[in-house]
Amino acid sequence: MQAHAFPSAEVGTESEQRERVFDAFRRWGFLQAELDPLGHFRPVQHPELKISGEAADRARQIYCGTIGAEFMHIADPERRRWIQQRLEGAPEPVDQRAILKHLVEADIFEQMLQTLYIGTKRFSLEGNTALIPMLEQILESASDQGAEECVMAMSHRGRLTVVCQTVGRPAEEMYAGFEDVDPRSVLGGGDVKYHQGATGIRQFNGRDMRIHLVSNPSHLEAVDPVAMGRVRAKQARRGENGTKQTLPIIMHGDSAFAGQGIWAETLNMAYLPGYTVGGTVNIIVNNLLGFTTDPSDYGSSRFASDLAKRLPIPIFHVNAEDPDAVIRIAKLAVEYRYQFGSDVVVDLIGYRRHGHSEIDDPTITQPIVYAKIKAHAPLYEIYAKKLGVDVSAQVQAAKALYSEAKQQAKQMTKKPVLYNLPQYWDQYVGGPYSTDFEVNTGLGAEELSELGRLLAVSPEGFHVHPKVSALLKQRVEMAEGKRPVDYGMAEALAFASLAKSGTRIRLTGQDSKRGTFNHRHSTLVDIENETNYMPLQHLAPNQAPVEIYNSELSEAAVMGFEYGFSRDYPEALVAWEAQFGDFANGAQIIIDQFISAGEEKWGLLTGLVLLLPHGHEGQGPEHSSARIERYLQLCARDNMQVCQPSNAAQYFHLLRRQAMRRWRKPLVVFTPKSMLRHPEAVSPLADFTRDRFLTIVPDLTVNANDVTRILICSGKVGHELQVERKRLNNTETAVLFLDQMYPFPERDISAAIARYPNARDVVWVQEEPANMGALWFVIPRLRRLVTDIPVRSIKRQAAASPATGSAKAHELEQKTLLGLAFA
Ligand SMILES: Cc1ncc(C[n+]2csc(CCOP(=O)(O)OP(=O)(O)O)c2C)c(N)n1
């Protein structure tokens with residue numbers, strides 16, 4: 001393309017010409033900006049910017065200096081104008097002394113760690129220490145806008161410096177991590193120092209600002225949706241002004257921002273009604289490297305930030321070695337967030353002074369860059385020189401301060417805890433299970449029928465779909481005890497009763513409003529105008545909020561978000577639902593790194609519920625198994641609960657138990673599909689008035705003395721066994737449902753088995769292949785409990801895939817399985 005391809009600058013009035021020139025720079029100037037302090041990431045010449053003249057010189061100065069602004073992809077002219085006015089106007093003065101102070105402290109803190117703890121990893125921020133004054137400005141501007149707290153997420157890079165300089169934890173607490181004091185307190189648990197969460201209270205212009213840095217795993221970007229969920233919960237607690245008062249700040253590595261899918265999923269939540277937090281300030285702490293990988297190998301576009309262009313949000317690239325520009329952009333980013341309730345991205349481009357960690361030699365892979373870095377002064381020196389300030393006294397003072405901190409750390413005998421939990425956690429506990437936690441989860445018949453009636457009410461003139469209308473009528477009858485209660489209604493009764501007595505309900509997942517299996521119908525849709533109405537929100541004037549949302553088509557980000565929400569709303573029943581349980585492995589990082597290990601690593605609790613439709617029904621390898629085996633493998637030290645309620649009433653008690661106990665543990669629930677309406681899995685209303693969830697459901701249909709075989713199973717196959725038993729007129733077999741697999745209810749199981757004195761064997765029956773399901777978990781435990789008679793198992797043969805793709809093959813397999821159980 002040649003220069004004259006751009007409409008000639010000479011056409012039109014002078015101001016039109018000027019505007020056209022400026023527009024070209026507004027659009028493409030960022031490509032030619034001087035963004036890399038080391039000069040390797042070279043500006044790209046754009047043909048439309050080959051313009052000369054006074055206007056071009058001025059526009060070039062603004063748009064091709066140390067700030068590169070991408071905002072012309074935003075359709076809304078008001079937003080574009082807002083940005084352009086601020087960039088094209090004179091920069092406001094900044095407090096250069098304060099910036100310098102933060103740069104000195106950040107760099108010296110890092111240098112001292114390097115000197116005092118040589119050969120340990122800290123993931124230094126050096127080369128990008130402008131992040132510290134930038135965060136100061138963000139927090140100050142946010143405070144000016146009315147923020148009272150901020151939730152920050154970040155990975156390893158610079159985390160220790162942020163905890164110390166930004167969150168405000170004393171340096172000795174950081175040093176204690178390097179001294180590794182009190183190792184006995186974390187045997188088999190705990191986490192490395194650059195993953196720990198931290199909280200602090202800072203002051204900006206006389207106002208308090210609470211800062212929460214979220215605990216996170218090594219898995220890059222996994223913390224993003226968790227932080228967002230936490231923000232949403234905090235905002236919900238605050239009510240109307242929540243989005244103003246609680247600000248999310250997420251920091252990303254450049255390579256991770258470009259590559260990790262969970263971040264792409266999280267970004268897509270920005271404007272969704274169930275997930276929006278009124279805008280997030282995103283910062284890419286960009287060192288133009290991912291471990292040893294260059295940008296040309298980690299991303300297919302010029303900037304790591306390009307993914308963010310999926311949303312109409314601005315991206316500000318800024319050269320980290322121009323602190324004044326960095327501060328200007330920080331302020332602008334926060335103001336934009338508050339003005340438009342929008343996400344914004346700041347791409348802070350610096351370099352990495354050391355290797356990926358400090359024990360890594362970067363000269364092997366980036367010899368030229370690192371030769372340059374070696375000769376490059378730290379930013380505080382460059383900036384002090386520019387300001388004409390002698391910083392040697394400040395440097396000495398910082399060194400003395402941090403040396404003293406080391407001495408203090410050495411004397412510590414207890415590992416410091418870097419966070420304080422908010423008061424709303426006071427009444428909840430984790431740790432080992434105790435029967436003391438149990439509560440009565442039953443409800444009176446009258447209360448149930450009243451709830452049933454309320455759940456069927458829609459506003460005057462609302463046109464309910466005839467199929468749904470018929471269902472609502474049936475539900476009223478269920479609640480009146482005129483017909484057995486199914487799962488859908490059991491859940492509605494659990495939600496309604498909890499909400500009415502003050503427990504907030506939040507359920508999200510793909511198509512959760514209606515329910516994948518057309519069974520929930522939490523939200524009625526007017527068939528004439530598609531307005532929505534949720535009876536659960538209209539039970540009583542002082543009830544707690546009920547939110548049920550259809551989510552975006554993501555597992556990882558949505559589950560992470562709900563985990564985050566549960567972390568800041570322990571009083572609520574928070575549930576994430578998989579479309580089919582098989583898809584939950586898309587969120588494996590959230591399950592492994594947060595849900596199952598969060599208490600062990602960080603001492604942080606969650607009562608999150610996972611609803612995972614499970615069962616072999618001939619629908620193929622990816623619509624059969626929620627992978628019970630994987631959840632059980634993660635179980636230890638009472639870290640979570642794994643349950644499969646075998647009937648509607650059990651589901652009702654399980655949900656209520658989860659909300660009502662003060663024991664806060666994740667709950668993994670394998671939920672039914674074909675069993676949703678199965679006559680064997682419905683429950684009489686009387687079972688809802690019973691006092692509790694049964695960990696193992698007894699078989700009351702057989703004469704105990706006649707029983708020679710005890711079949712123990714979980715979920716759908718148990719109902720099929722009961723049907724088969726009836727068909728065979730078999731009166732010698734008991735079918736027990738193990739509805740709680742973890743914590744493994746030894747005492748209840750022993751008692752259930754002891755009811756049958758003449759049993760000659762105990763058989764675990766499962767639909768899953770031998771290498772899957774609960775088999776490997778249950779058998780050794782059963783054998784410890786049952787020592788006088790054999791304990792055997794019946795299952796599909798081991799397989800690499802959970803289920804056959806053929807419905808007929810499935811039927812044959814299932815028939816064989818049931819046959820073996822009675823052979
Ligand atoms: C999901 C995941 N995959 C791989 C890794 C291993 N890993 C740790 S840091 C890193 C490079 C990160 O680069 P970048 O995001 O640019 O951050 P930087 O370390 O440069 O600040 C990698 C690949 C990880 N921690 N998480």
Side-chain angles (χ1 to χ4, degrees), residues 35-38 40-41 106 110 121-132 134-135 152-163 191-195 214-226 250-267 282-308 317 320 345-362 364-366 369-370 373 555-557 559-560 585-594 597 601:
L35 298 172
D36 175 8
L38 302 179
H40 291 279
F41 186 70
E110 291 278 3
K121 291 190 200 180
R122 69 175 196 280
F123 300 105
S124 163
L125 184 61
E126 287 158 278
N128 243 331
T129 38
L131 175 69
I132 300 301
M134 175 183 222
L135 286 171
M152 296 196 313
M154 72 184 301
S155 62
H156 51 286
R157 180 76 49 217
R159 190 173 171 108
L160 299 176
T161 311
V162 168
V163 171
D191 202 351
V192 293
K193 47 192 169 291
Y194 36 84
H195 288 169
V214 186
S215 300
N216 76 173
S218 287
H219 294 62
L220 296 168
E221 304 292 329
V223 73
D224 305 346
V226 173
I250 303 186
M251 287 161 265
H252 314 255
D254 46 315
S255 172
F257 192 101
Q260 286 292 303
I262 192 167
W263 167 236
E265 294 177 13
T266 306
L267 197 58
N282 291 288
I283 305 167
I284 305 177
V285 185
N286 191 341
N287 50 29
L288 298 170
L289 263 180
F291 205 150
T292 65
T293 304
D294 289 321
S296 54
D297 287 330
Y298 73 52
S300 287
S301 57
R302 175 165 167 79
F303 288 99
S305 58
D306 282 347
L307 172 74
H317 309 281
V345 176
V346 178
D347 182 17
L348 178 69
I349 302 182
Y351 62 95
R352 190 184 73 194
R353 176 163 293 280
H354 306 281
H356 173 61
S357 78
E358 292 62 37
I359 51 178
D360 198 67
D361 180 359
I364 295 168
T365 47
Q366 276 80 20
V369 175
Y370 274 86
I373 289 172
E555 282 73 31
M559 194 194 287
N585 60 4
Q588 203 63 49
I589 295 172
I590 304 297
I591 297 165
D592 293 345
Q593 266 56 47
F594 292 92
K601 292 194 291 186

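Numbering of ligands and ligand atoms starts at 1, following listing order.
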Looking only at protein heavy atoms, identify the closest one to [atom] and say how far it is in Å.
| atom | answer |
| --- | --- |
| atom 11 (C) of ligand 1 | F291 N, 3.7 Å |
| atom 4 (C) of ligand 1 | L220 CD1, 4.9 Å |
| atom 16 (O) of ligand 1 | D254 OD1, 2.7 Å |
| atom 17 (O) of ligand 1 | G253 CA, 3.7 Å |
| atom 21 (O) of ligand 1 | R157 NE, 2.9 Å |
| atom 13 (O) of ligand 1 | G290 CA, 3.3 Å |

Under 4.0 Å from a heavy atom of [X]: which atoms of ligand 1 are those, numbered in the order shown and with their elements?
| X | value |
| --- | --- |
| A256 | 15 (O) |
| S218 | 24 (C), 25 (N), 26 (N) |
| Q260 | 1 (C) |
| N287 | 18 (P), 20 (O), 21 (O) |

Hey, would you say the H156 and Y194 ring centroids sit under 6.0 Å apart? no
Suppose we call two aromatic rings close when their centres sit under 6.0 Å apart. Are H356 and F123 close by that rule? yes
Consider side chain to side chain donor-acceptor pair (under 3.5 Å). Of D294, T292, T293, which one does Q366 pass it with? D294
Exactly one candidate in R352, R353, H354 meets side chain to side chain donor-acceptor pair (under 3.5 Å) with Y370; the answer is R352
Could you verify whether a donor N or O on one side chain and an acceptor N or O on the other, from D306 and S301, lie under 3.5 Å apart? yes
Tell me which part of H356 gets within contact of ligand 1: side chain, backbone, both or neither, using heavy atoms under 4.0 Å. side chain
Just let me know how L289 lines up against ligand 1, side chain, backbone, both or neither, with a heavy-atom cut-off below 4.0 Å. backbone
Yes or no: does H156 have any heavy atom under 4.0 Å from an atom of ligand 1? yes
For a quick test of reading the model, state the closest non-hydrogen atom pair linking E265 to E555 and the distance between them. OE1-N, 4.1 Å
Is atom 24 (C) of ligand 1 near the protein, in the sense that some protein heavy atom lies at less than 4.0 Å from it? yes
Are the side chain of E358 and the backbone of S124 linked by a donor-acceptor contact shorter than 3.5 Å? yes
How far apart are the C-alpha atoms of F257 and Y298, what are their side-chain angles, what is the distance that settles it, and do they pass the ring pair (Phe, Tyr, Trp, His ring centres under 6.0 Å) test? CA-CA 10 Å; F257 192 101; Y298 73 52; over 10 Å; no
Nearest-0.5 Å distance that lies between atom CD1 in I132 and atom CD in E110: 8.0 Å
